[in-house]
Undergrad: 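Please see the structure below; I have some questions.
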Amino acid sequence: MKILSRDFYERSPVEVAKDLLGKTLMLKKNSGILSAKIVETEAYFGQKDPASRAHTGRKPYNQLMFLDSGKTFIYMVHGNWLLNIVAHQKGSVGGVLIRAIEPLQGTETMLKNRHVKEIRDLTSGPGKLTKALDITKDLNGIDVTDRDSELIVIEEQGEDFEISSSHRIGVTADLPKNLRFFIKGNKFVSKA
DNA sequence: AGGAAGATCTACT
DNA sequence: GTAGATCTTCCTA
C-alpha cells in the first residue's frame, strides 16, 4: 500500500484531478475500514476562477485552499458536505473536488448511512459520497498524505481506463474549459 | 437578518 | 427526463 506523497498534490489542480482518477480513498473509522475508488473529479483554481470558493479572496473559511496541498477542504453546500483535496503549485491556490467514487470496502456501512436501494446511487455524487462515508467538517484540514490520518489516498494497481472530460457540473459561472474528469463508462459517475 | 451556494430527493409531465 | 422544494453553513449588508 503506497500513500500518495505531498509532491503529487503540489502541481496544477488540473493534473492532480486527472491523476486522482482510479486512486483509492481510504477512511479508517472505529467501526472499520471504508474504501472506494475515485471515478470523478473537478479542478478549481483561485481568484481567476468564478466558481471557486477562493474566488473572492482569502477568508477564514477558505484559507485552506491557500495553504498546504494534500489536505482536505470540506464545506457545506445546499445541505451537503463536499470533499475537496487542496492541490496547487507552491504559492498558488487551488483544489480538486471529489465528485464520485466506487465503493470497494465497507459497502454495508455505506448502505446504512444512506437509504437507497441501488448500490449505484450510493456514492454517485459529491454530497452522496460524503454521507455514505460519514465525512463531515470534523475531517476538514486533515492531511491525506499522513498514514496516521483518518482519511488517506493510496495508489493501487487497477485496470486500465480511459479518461473523459466535460465542463463542470452545477456551477453558476464556469470557465470556458473542461475541468471535470471521469472514468469513461464507470457506473458510479454522477452524470454522463 | 437575509440570501446564495461546486446538490439531492421526490413527484410529476 | 425535467421541475420544484428543501437541505445547512457562512458571507454581506
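Keep in mind that this is a model prediction, so the values were computed, not measured. Below, read A as the first sequence line, B as the second, and so on, with proteins coming before strands; counting in each chain starts at 1.
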Undergrad: Whole Å only: how far is the CZ atom of A:Arg168 from the C1' atom of B:dA7?
TA: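 So the CZ-C1' distance, A:Arg168 to B:dA7, works out to 16 Å.
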
Undergrad: Flag the pair A:Asp143 and A:Lys71 as a salt bridge only when some basic side-chain nitrogen lies within less than 4.0 angstrom of an acidic carboxylate oxygen.
TA: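 So A:Asp143 does not pair with A:Lys71 through a salt bridge.
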
Undergrad: Round to the nearest Å and state the distance from A:His55 atom NE2 to B:dA5 atom P.
TA: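 Whole-Å distance recorded here is 12 Å.
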
Undergrad: Which one, B:dC9, B:dT8, B:dA5, comes nearest to the side chain of A:Arg114?
TA: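 Nucleotide nearest to A:Arg114's side chain: B:dC9.
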
Undergrad: Ignoring hydrogens and angles, tell me if any N or O in the side chain of A:Arg120 forms a donor-acceptor pair with the backbone of A:Lys187 under 3.5 Å.
TA: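 Flag set: sc A:Arg120 to bb A:Lys187 pair under 3.5 Å.
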
Undergrad: For DNA chain B, produce a single dot-bracket line, 5' to 3'. Pairs: Watson-Crick or G-U wobble, both distances under 3.5 Å. Symbols: ( ) within strand, [ ] crossing, | other strand, . unpaired.
TA: |||||.||||||.

Undergrad: Any residue in residues 118-129 of chain A with a heavy atom nearer than 4.0 angstrom to DNA chain C? Just list them by number, or reply none.
TA: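 DNA chain C contact set from residues 118-129 of chain A: none.
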
Undergrad: Just how far, in rounded Å, is C1' of B:dA5 from OH of A:Tyr61?
TA: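 Those two atoms, OH and C1', are 9 Å apart.
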
Undergrad: Under 4.0 Å between a side-chain nitrogen and a carboxylate oxygen: does that hold for A:Arg11 and A:Asp19?
TA: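 Counted as a salt bridge, because a side-chain N and a carboxylate O are separated by less than 4.0 Å.
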
Undergrad: Per the side chain to side chain contact (heavy atoms under 4.5 Å, CB included) rule, which among A:Leu179, A:Val96, A:Val171 passes with A:Tyr44?
TA: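 Only one of A:Leu179, A:Val96, A:Val171 forms a side chain to side chain contact (heavy atoms under 4.5 Å, CB included) with A:Tyr44, namely A:Val171.
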
Undergrad: Any sub-3.5 Å donor-acceptor pair from A:Asn84's side-chain atoms to A:Ile74's backbone N or O?
TA: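 No: the side chain of A:Asn84 does not pair with the backbone of A:Ile74.
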
Undergrad: Look at A:Lys23 together with A:Glu155 and state whether they make a salt bridge at an N to O cut-off of under 4.0 Å.
TA: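 Salt bridge flag = yes for A:Glu155 with A:Lys23.
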
Undergrad: So where does chain A start and stop touching DNA chain C, 5' to 3', when the test is distance under 4.0 Å to a non-hydrogen atom?
TA: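 So the outermost contacting nucleotides come out as C:dC7 to C:dT12.
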
Undergrad: Could you check whether any side-chain N or O of A:Gln47 sits under 3.5 Å from a backbone N or O of A:Gly57, counting only pairs where one atom can act as donor and the other as acceptor?
TA: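 No.
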
Undergrad: State, without any angle test, whether A:Glu40 and A:Ser190 hold a side-chain donor-acceptor pair at a distance under 3.5 Å.
TA: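 Yes, a side-chain donor-acceptor pair sits under 3.5 Å.
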
Undergrad: Report the distance from atom NZ of A:Lys131 to atom P of B:dA7, rounded to the nearest whole Å.
TA: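 About 12 Å, once rounded to whole Å.
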
Undergrad: Roughly, in whole Å, what's the span from CD1 in A:Ile74 to C1' in B:dA5?
TA: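 Rounded to whole Å, this separation is 17 Å.
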
Undergrad: Quick one: does A:Asn186's side chain have a donor or acceptor within less than 3.5 Å of a partner on A:Lys184's backbone?
TA: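 Answer holds: no.
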
Undergrad: Side chain of A:Ser69, backbone of A:His88: donor and acceptor closer than 3.5 Å?
TA: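 Yes.
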
Undergrad: Is any NZ, NE, NH1 or NH2 atom of the basic residue among A:Asp49 and A:Arg168 found under 4.0 Å from an Asp or Glu carboxylate oxygen of the other?
TA: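 Salt bridge present between A:Asp49 and A:Arg168.
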
